[in-house]
Each structure stands twice: as structure tokens, then as C-alpha cells.
Amino acid sequence: MLTGSLPWPEPFAARYRSAAYWLDESFWDMLCGWAERHGERIALVDGAQRWSYQQLQRRAASLAAGLHSIGIGPQQRVVVQLPNGVEFVALCFALFRLGAIPVMALPAHRHGDIGHLCRHSGAVAYVTAARHGRHDNRPMTSEVRRLCPGLRHTIIAGGDPGEHMAFADLYHDSLPDASLPPPPAAGAVALFQLSGGTTGSPKLIPRTHADYAYSIRASADICQLDADTIYLAVLPVAHNFPLSSPGILGVLHAGGRVVMAQSGDPELAFELIARERVTITAMVPPLALMWMEQVAALQPDLSSLRLLQVGGAKLSEEAARRVPALLGCRLQQVFGMAEGLVCYTRHDDPAELVYASQGRPISPDDEIRIVDDDDAELPAGSVGHLLTRGPYTIRGYFDAPEHNARAFTADGFYRTGDLVRQLPSGHLVVEGRAKDLINRGGDKVAAEEIENLLLGHPAIVDVALVAMPDPFLGERSCAFVIARGLPPDLAGIKRFLRDCGVAEFKLPDRLELLPAFAHTSVGKVSKKALRELIAAKLEAEQAGVAEAAAAARQVLP
Ligand code: AMP
Ligand code: DBH
């Protein structure tokens, strides 16, 4: 086991193996099986590129040879930040072959985020694309290199690599199996997912081949994927949802086809759905709202689409009910977390549950506890803290003993930080959150991370970042600031944070200056009071707008 990651206690591991949740296979073994079974069928579509299963395996083997030649080997970490495309998949499987561990960075991450991931994971290499949309990643890559002396390789895909290594040069002639290290054991860590976080610095989530593969196989089953499935990847594929719930890995497991989209932009996505006859896709609630808004204007041909998965943040019941009529497909709600537990509404669930719940867990061995603030179990149907333990939920973050002591109970339950209620059917309804983060339409912002950075701003004495309601994203972030000297403005603090190298989605959406913060009885800043303050202010502003509009109507002829 990788130093710094925590295995399941043996009695649990034995049970998960004997129930055949955990199989004795790595993702590399799985890819070899798929290539044998589905050979010439198309696995991946990325623009004009169409890769068969065999091609994918050959490309991954050839990359593994190249990575081996630069010294990448078992258990070494490689931060991967690639756009949705064939290279992402080939690289992941090449790393799986070597037993090296991809760290799943997101395209939106910037040098501060990436630098942290490289240092915390002890990465030896960082792979990114020359550009993500309009953003040139090469200067950022040089900055990351400067910040992380442990990085031996910085590798650029798709474009002039400048001072870095070219990804394309890593495709070598495949080596005989015996000249590579043996493929990893199923119990080894396969990849690091990122936690949405609640602490000052994002945590790494070690997922093993066996546990991750189980969640994927079971998800593919629940979602009834088969060789006719055509999945449109619109969310960044490194994210746990489009990667594994059942995501691109689930689709490959089923022998289906993945169509890569660079974004969820309706015009682009609708065209791909029509052209490639897409049957399923997965998205966050704001994107689902945007698609529903655009169908009337764009009149797309969505006749092939059978299932829309929505997750990452809560979908309102009202929006959920509109999905089938507007998009002509079924809805599935997905409530999941990169730490493990994933819940789905099922195909044969009554409509009420599909619209008004966030689904029930994948596995009969997912243990759910709903507790009060003192960890005491609550009566059935009460809203409380969701704790969970099971065959694909981690027992600890990587190399974070102090945080683990808080984030897990003594008997190994993960404290999700979500407030839920369980229905008699076992389905969960997400009612709120106890953790200190802002869920910006599926993009999670850890308040403490941004607060810590802002405390370094010369004009800021104290700061509290809280969620404020937003009709489109569900929540946006508001920074309450106690200033010194000339008070900062929103543009100024955004500029400051950009210079720190944090992703754009983490920047506050609004700034409010206060002379002091209200405190709780134990002397902590009362975020509840601040959330209420900004919610009331927004409401007053909206009422003001409505009043002004009414007044304007009155004076108009
Ligand atoms: P992460 O830890 O970044 O993987 O984010 C997982 C968190 O996203 C969960 O703990 C929830 O707070 C939130 N989440 C995911 N899916 C849903 C959903 N369908 N409804 C409400 N919250 C969700
Ligand atoms: O938000 C998430 O992290 C998430 C949502 C849906 C997730 O990790 C998943 C499904 O697997």
C-alpha cells in the first residue's frame, strides 16, 4: 500500500472480496479484456479522431513505453490536466499499466492549485495541454515547475511545448511486457481524485483499482449501459462523475462509445448528439437549466437521447419535472462524492422519487447513518448528518492524519458534511450542508482556502466567505471583509486571487464590507448570520428592482 493512504481493515476487505465487489483486476487488465472483446468497435470519438478499443490499447501501451523511458514507474504520481479528448484516456491507461498514479486535476485549475497538487502528491511529472480554450497553459507550466522542485518532467500536449517536453514524443514503440514493471495489484491505488474540500488546502482521495472498478461496474449496471450506449462527455472527464458514475470508464466497460465534447455549450453539444446519435450524457444542474432554455430556440434533434444524468449539486424538483418534456429523455438524479458513495435514482423508480430524491446508494453494502451533532443516530426520516462506509468509500485522505481524525469516525465512517433525510425506500433527499464550502453549480469552493489567501491581502483584516442563493448556479460566493486603510473592491480582490493562481470559479462573486463580524457563543465568526444577511440583502435588492420596474411601468404611457 502506498505510504500515506489507509487500507480497509481486513475483515471488511475480506467481505468485499468474497461478495465479488472487489475483483483481482487492475484497470490495465480491464482494458486488455475490452480490447479483446470489442476490438474494432469504436471506443472514443474526439473531433475527427475515432479510436477503436484496440487502438486505445495500443496507444496506451505505446505511451507506457515512453513514460517508462523517462523513468515513470510504480506508485509515482503524475498530475494530469488535459481537456476532454483521446489523450486523457490513453494517458490514464498508460499510467495504470505502469502502476503510476494520475492525479485528476481540472482544466480550470491554475498555478496555485496545480502547484499544491504537485507538492502534496509528491508528483514527478505534470502533463497539461498547450491551451485550454483561450488560456495558454505554457507560462503556467513554467511557473508550476519553478514552484515545485520535485517535478522532474513538465509535458505539453497539442501544440508547441516551448521549454517543456512534447506529449507526442512519448508515443514509443511498445515494449515487450517483460521489460515493463508488472501491472499493479488490484488493491493498489489507481488514481487520486480531488476533494471539493472544506479545509485550507484541497485533499487527495486515493482510489484503488478494485474499489473504483466496483463502483464503475455497478454503476454501468444500474444505468443499463451496453454496447449500444453512446455517451457524450461534457463535464471535465477527470471529475469523478463523468469518469466513474458510470462515466467514460463505465461506458468502456460496457463496450459502448464515448464522444468527447470540450464543453456543455448547447449549440456544440446538440450538434454532437444529433451527429453521433448520443444516448446518454451527464451534467450539473445549471447546465441542465441552460439546455432546457435553449431547446426552444435551437430546435435540436435529440431523438437518440434516452437518459440525462444530473448531479454535483441539488436539482430543484421544479426543474427536474421539466426534463422529460423539454429534452425528450428520462432523468436520473445522481448524488455522489469523489470520496466514494454514489446514489442514483433507478429506471423503475416511481416518478415522485426520480423528481424529488437524489437516489439511493449503489451497493447493498453501502452503510448509511444519519446522526445529530453528537453522532447519535436519529429516528427514521429525520434530517441529519450523513455518514457512510462501504466497499468503495475511502477510509482516509492521502497523507492527512489530522484531517482524517475529524473527517472519519473512529469506526471508519466518512463524514460527508451533507444534511440528508432518508425515505422508506432508502432514497436520500439532500436537505443542506454542514461543511464550510460553497457549491457553485457543482464546482466546490472551500471557504477556508480562499479566506486564507485573502488574509494575505494588505487591505484585509478579516474575511469570511459564504454562500448566497443564486437562481442559476444554486449558490454563488460572497466575501465579507473587514478592511483596513483604503477598502478593497471586488475587482481588486479577484486580481489578487488570480495572482495567487487559483481557478476562476473560486473567485468571490460579491464583496461586502463590514466593520465587524457577529460571533457565535463559542467566539467563531457566525457564518449563519452572514448568510442570512446577504440573503436578506439580495431579496431587498430584487424587491427594489421589482418596485422600480413597477414604478417605471406606471410612468410609461
Ligand atoms: P466532492 O467531495 O467534491 O466530490 O463533492 C461531493 C459533494 O457534492 C457532495 O458531498 C454533495 O455536497 C454535493 N453533491 C453531489 N451531488 C449532489 C446532488 N445530486 N445533490 C446535492 N448535492 C450534491
Ligand atoms: O459532486 C460530485 O463529486 C459527484 C456527483 C455525482 C460525484 O463525485 C459523482 C457523481 O461520482
Side-chain angles (χ1 to χ4, degrees), residues 104-106 108-109 191-199 202-205 207 211-212 214-216 218-220 222-223 235-250 281-288 308-317 319-320 331-345 353-363 366 368 385-388 390 392-394 397 403 407 414-421 427-446 449 467 473-475 503 505-506:
M104 297 292 176
L106 297 173
H109 285 142
L191 60 129
F192 277 147
Q193 270 295 352
L194 312 186
S195 114
T198 51
T199 54
K203 298 287 175 279
L204 295 171
I205 299 170
R207 301 294 301 262
D211 91 76
Y212 211 53
Y214 166 55
S215 79
I216 289 162
S219 295
I222 288 168
C223 299
L235 298 176
V237 288
H239 189 281
N240 200 55
F241 182 16
L243 189 61
S244 71
S245 296
I248 64 172
L249 294 174
T281 186
M283 60 185 58
V284 288
L287 197 52
L308 183 78
Q309 299 184 287
V310 180
K314 184 149 170 177
L315 181 68
S316 74
E317 183 176 342
L331 168 72
Q332 178 180 55
Q333 297 212 40
V334 189
F335 164 47
M337 51 207 74
E339 288 81 357
L341 181 73
V342 181
C343 301
Y344 297 99
T345 56
L353 287 177
V354 174
Y355 298 134
S357 90
Q358 279 63 57
R360 65 180 167 85
I362 290 179
S363 175
D366 280 322
I368 298 292
H385 301 277
L386 170 64
L387 312 184
T388 186
Y392 60 97
T393 295
I394 56 161
Y397 294 99
H403 181 58
Y414 168 54
R415 299 180 190 279
T416 65
D418 293 310
L419 297 173
V420 305
R421 174 164 63 87
H427 290 64
L428 300 177
V429 180
V430 179
E431 296 282 8
R433 190 171 60 228
K435 55 190 166 188
D436 194 10
L437 64 77
I438 293 107
N439 190 341
R440 211 172 163 281
D443 286 330
K444 281 70 170 194
V445 185
E449 181 188 353
L473 291 181
E475 297 173 8
F505 70 82
K506 299 183 185 175

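Indexing begins at 1, ligand by ligand and atom by atom, following the structure's order. Note that the numbering runs from 1 along the sequence shown for the chain. Just so you know, these numbers use all the heavy atoms, side chains as well, and skip hydrogens, waters and symmetry mates.
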| query | Where's the contact between Lys435 and ligand 1, heavy-atom distance under 4.0 Å: side chain, backbone, both or neither? | reply | side chain

| What do we get for Val334 next to ligand 1 when only non-hydrogen atoms under 4.0 Å count, side chain, backbone, both or neither? | backbone

| Is the His109 ring parallel, tilted or perpendicular to the Phe505 ring (thresholds 30°, 60°)? | tilted

| Once the angle between the rings of His403 and Tyr397 is folded into 0 to 90°, is it parallel (under 30°), tilted (30 to 60°) or perpendicular (over 60°)? | tilted

What do you reckon, does [X] have a nitrogen or oxygen under 3.5 Å from a nitrogen or oxygen of ligand 1?
| X | result |
| --- | --- |
| Leu194 | no |
| Ser195 | no |
| Lys444 | yes |
| Gly311 | no |
| Gly312 | yes |
| Tyr414 | no |
| Ala338 | yes |

Exercise: identify the closest heavy-atom pair between [X] and [Y]:
| X | Y | value |
| --- | --- | --- |
| Ile362 | Ser219 | CD1-OG, 3.4 Å |
| Asn439 | Glu475 | N-OE1, 2.8 Å |
| Leu194 | Ala105 | CD1-CA, 4.1 Å |
| Val237 | Leu243 | O-CB, 3.2 Å |

Just need the protein heavy atom nearest to [atom], so name the residue and atom and give the distance.
| atom | result |
| --- | --- |
| atom 18 (C) of ligand 1 | Ala313 O, 3.5 Å |
| atom 8 (O) of ligand 2 | Asn240 ND2, 3.1 Å |
| atom 21 (C) of ligand 1 | Lys314 N, 3.3 Å |
| atom 15 (C) of ligand 1 | Gly336 O, 3.3 Å |
| atom 11 (O) of ligand 2 | Ser245 OG, 2.7 Å |
| atom 2 (O) of ligand 1 | Glu339 OE1, 3.1 Å |
| atom 10 (O) of ligand 1 | Asp418 OD2, 2.5 Å |
| atom 1 (O) of ligand 2 | Lys444 NZ, 2.7 Å |
| atom 3 (O) of ligand 1 | Gly196 N, 3.0 Å |

| said: Just to check, does His239 reach to within less than 4.0 Å of ligand 2 when the distance is taken from its heavy atoms? | reply: yes

| note | Checking heavy-atom distances from atom 2 (C) of ligand 2 to each of Gly442, Gly336, Gly359, the winner is Gly336

Closer than 3.5 angstrom, by distance alone: can the side chain of [X] be matched with the main-chain N or O of [Y] as a donor-acceptor pair?
| X | Y | answer |
| --- | --- | --- |
| Lys314 | Gly432 | no |
| Glu317 | Tyr355 | no |
| Glu339 | Thr393 | no |
| Gln309 | Ser245 | yes |

| Does ligand 1 have an atom under 4.0 Å from some heavy atom of Gln333? | no

